[in-house]
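What follows is a set of notes on a single structure, which appears directly below.
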Amino acid sequence: MTAASPAPDDLIQRRPEGLYCPPGGFYIDPWRPVERAVITHAHADHARWGHGHYLAHRDAEGLLRARLGSDIHFQGLAYGERLQLGDVTLSLYPAGHVLGSAQVRVEHRGEVWVVSGDYFVSGAGDINTTCAPFEPVRCDVFITESTFGLPIYRWAPQTEVLAEMRAWWAACAAEGRHALLMGYSLGKAQRLVAGLATADAPGPVLVHGAVARLNEAYRAAGVALPEVTAVSAETRVKAPRGALVIAPPAVQGSRWAKALGPHSDAFASGWMRLRGARRRRGVDRGFVFSDHADWPGLLSAIRATGAHRVIVTHGDEGALIRYLGELGLRAEAFVTEYGDEAVEGAEGGTAESVTGTEAGA
């Protein structure tokens, strides 16, 4: 893997605190506290506590305040709105990942860099009403994720995967069991609620308190999520067998999960594409369902930017860099502290800590 060797005049540079724009005086998704942070989205590895000033898409405000505290100093932009910061012009464009997720476009003296954060490229059969779809942005240099940067990662249309989930849920209901479907509480869970809590559903839909809290942030931003019930001691007793329960992965094997009574469990993640991943996860079912770009999505996004230089931040960097080099592009890597979906797997603390009142028990 080739590590990027920033030139002194590079528009975005890696520093100990994160990705820094010298002529703009700001960091993008910094992993150490800084005075001015531009945030691509509200996942924990990209949006951290302790910055003096947060700038992000306006739809991300509720999520950021829910996760980082209501007293953060926040400034919101609309997609495409231009803002002068120092000597650069900054604007945000949809990333298609979670509510308010954005690619950061930075222009300086005729040169354009785009930092993607995490993104999802919709294909045929993908219907997502929970965030704006990915929009390619022309640029000279594109900084991209590669969470699923191997050719093995190719997603089936999400409508097909949702139909598989619905069939599994119906089978659980027929056996008198709940269907416990685990997915990360920000982004993934809302896609699942929107796709499964429909009028023809096999039964009621319940959600963990961590999911319910973020659902409210989505609704406050204008996303029309179906109404679902947060799990409590009372709803656990009253819920008829056959409910779908959407919860974060940290509940697996916890007292909270055991209190549901008889259930089958499943995990919704792009990692389920790997043979053996379901076995290692220890769940009854695994559904390949992601809000990150797959291999074809990464390549189509990069191609659409027209960038002559690509910098990869996290994931399977080596494979993507080698492939892009074969295509004649200058491809390098930034070593960052961004993670993948596993970062969100610990959301809410340990399995036992999510059983308390604040976590929706």
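One-based numbering along the sequence shown. Predicted model only: the values in this text are computed from it and were never measured.
- Between A210 and P248 the shortest heavy-atom distance is CB-CG, 4.5 Å.
- Residues V193 and I246 are in side-chain contact: their nearest non-hydrogen atoms beyond the backbone lie under 4.5 Å apart.
- In this structure, H97 and D291 approach most closely via the heavy-atom pair ND1-O, 2.7 Å.
- Here the side chains of V104 and V114 are not in contact, with every heavy-atom distance at 4.5 Å or above.
- For the pair H43 and V98, the minimum side-chain heavy-atom distance is below 4.5 Å.
- Between the side chains of T144 and Y119, a donor-acceptor pair is found at a separation under 3.5 Å.
- Hydrophobic clustering keeps V88 apart from I39 (ILVMFWY residues linked when any side-chain heavy atoms are closer than 4.5 Å, directly or through intermediates).
- Side-chain contact annotation: E145 with H292, donor-acceptor N/O pair under 3.5 Å present.
- Expressed to the nearest 0.5 Å, how far CD1 of I12 lies from SG of C21 amounts to 4.5 Å.
- Residues L68 and W49 share a closest heavy-atom pair of O-CD1, 3.2 Å.
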Could you walk me through whether R191 and D126 pass the salt bridge (charged side-chain N to carboxylate O under 4.0 Å, His left out) test, one step at a time?
CA-CA 11 Å; R191 287 179 186 245; D126 291 327; over 6 Å; no
Between F267 and Y184, is the ring-ring contact (aromatic ring centres under 6.0 Å, His included) condition met? List the steps.
CA-CA 9 Å; F267 187 41; Y184 303 115; 5.8 Å; yes
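- Under the side chain to side chain donor-acceptor pair (under 3.5 Å) rule, Q190 has a single partner from T129, N215, T130, which is N215.
- Between F289 and W155, the distance from one ring center to the other does not fall under 6.0 angstrom.
- Using modelled atom types, one finds a donor on one side chain and an acceptor on the other under 3.5 Å when comparing D118 with H314.
- Side-chain heavy atoms closer than 4.5 Å link hydrophobic residues (I, L, V, M, F, W, Y) into clusters, and following such links, even through other members, never connects V115 to L64.
- Taking the side chain as every heavy atom from C-beta outward, L63 and L214 approach each other to under 4.5 Å.
- Nearest heavy-atom pair across P30 and V34 is CG-CG2, 3.6 Å.
- With S91 contributing its side chain and E81 its backbone, the two residues share no donor-acceptor pair below 3.5 Å.
- In this structure, CG in D29 is found 13.5 Å from OH in Y27, a value given to the nearest 0.5 Å.
- Side-chain N/O atoms of T198 and R166 include a donor and acceptor closer than 3.5 Å.
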Worked check of side-chain contact (heavy atoms from CB on, under 4.5 Å) between L83 and Q75:
CA-CA 11 Å; L83 178 68; Q75 179 181 1; 3.9 Å; yes
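- Contact between R48 and Y54 at its shortest, heavy atoms only, is O-OH, 2.7 Å.
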Please walk me through it: do R15 and E17 pass salt bridge (charged side-chain N to carboxylate O under 4.0 Å, His left out)?
CA-CA 5 Å; R15 293 196 175 178; E17 300 86 355; 6.0 Å; no
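- Contact annotation: the side chain of W31 approaches that of T336 to within less than 4.5 Å [non-hydrogen atoms, C-beta and beyond].
- With rounding to the nearest 0.5 angstrom, the CG atom of L324 is 13.5 Å from the CZ atom of R309.
- Listed for the D140 side chain is a donor-acceptor partner under 3.5 Å among the backbone atoms of V112.
- Linking Ile, Leu, Val, Met, Phe, Trp and Tyr whenever their side-chain heavy atoms come within less than 4.5 Å leaves L186 and I72 in two separate clusters.
- Closest approach of P204 to W169, counting heavy atoms only: O-CZ2, 3.5 Å.
- The main-chain N or O of P94 is found under 3.5 Å from a side-chain atom of Q103 such that the two form a donor-acceptor pair.
- A 4.5 Å side-chain heavy-atom check between F134 and Y93 finds every atom pair outside the cut-off.
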Go through L320 and L299 one step at a time and tell me if the side-chain contact (heavy atoms from CB on, under 4.5 Å) criterion holds.
CA-CA 9 Å; L320 183 59; L299 297 182; 3.9 Å; yes
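- Salt-bridge formation is detected for the pair E107/R82: a Lys NZ or Arg NE/NH1/NH2 atom is positioned less than 4.0 Å from an Asp or Glu carboxylate oxygen.
- Using a 30° and 60° split on the angle between ring planes, Y79 and H57 fall in the parallel class, below 30°.
- In this structure, CD1 in I143 is found 11.5 Å from OG1 in T40, a value given to the nearest 0.5 Å.
- To the nearest 0.5 Å, the span separating CH2 on W113 from CG on L19 amounts to 10.0 Å.
- Residues Q158 and N128 bring no donor and acceptor atom of their side chains to less than 3.5 Å of each other.
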Could you go step by step and tell me if I127 and T159 meet the side-chain contact (heavy atoms from CB on, under 4.5 Å) rule?
CA-CA 7 Å; I127 301 173; T159 50; 4.0 Å; yes
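- Relative ring orientation between H208 and W256 is described as tilted, the plane-to-plane angle lying within the 30° to 60° band.
- Formation of a donor-acceptor pair under 3.5 Å by the R330 side chain with backbone atoms of V310 is not found in this model.
- Between H53 and F74, every side-chain heavy-atom pair lies at or beyond the 4.5 Å cut-off.
- At a cut-off of 3.5 Å, with distance as the only test, a side-chain donor of Q252 or R281 sits close to an acceptor on the other residue.
- Between H46 and H41, the angle of the ring planes lies from 30° to 60°, which puts this pair in the tilted group.
- Ring to ring, F120 and F148 are not that close: their centroids are 6.0 angstrom or more apart.
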Candidate pair H51 and H73, rule side-chain contact (heavy atoms from CB on, under 4.5 Å), full reasoning:
CA-CA 9 Å; H51 307 314; H73 191 283; over 6 Å; no
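- To the nearest 0.5 Å, atom CG of residue D9 and atom NE2 of residue H108 are 9.0 Å apart.
- A donor atom on one side chain and an acceptor atom on the other are found under 3.5 Å apart for Q84 and T89.
- Taking the charged nitrogens against the carboxylate oxygens, R109 and E111 have no contact shorter than 4.0 Å, which rules out a salt bridge.
- In this structure the side chain of L180 never reaches within 4.5 angstrom of the side chain of S264, judged on heavy atoms.
- In the hydrophobic cluster analysis, where Ile, Leu, Val, Met, Phe, Trp and Tyr join through side-chain heavy atoms closer than 4.5 angstrom, F334 is grouped together with I28.
- With hydrogens and angles ignored, the 3.5 Å screen pairs no side-chain donor or acceptor of D316 with any backbone N or O of A319.
- Neither Y20 nor V141 shares a network with the other; the hydrophobic side chains, linked directly or stepwise wherever heavy atoms of I, L, V, M, F, W or Y lie under 4.5 Å apart, form separate groups for each.
- Salt bridge status for E227 with R219: present, with a side-chain N to carboxylate O gap under 4.0 Å.
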As a quick check of understanding, evaluate salt bridge (charged side-chain N to carboxylate O under 4.0 Å, His left out) for E61 and R65, giving each step before the final call.
CA-CA 6 Å; E61 180 175 5; R65 292 193 186 279; 2.9 Å; yes
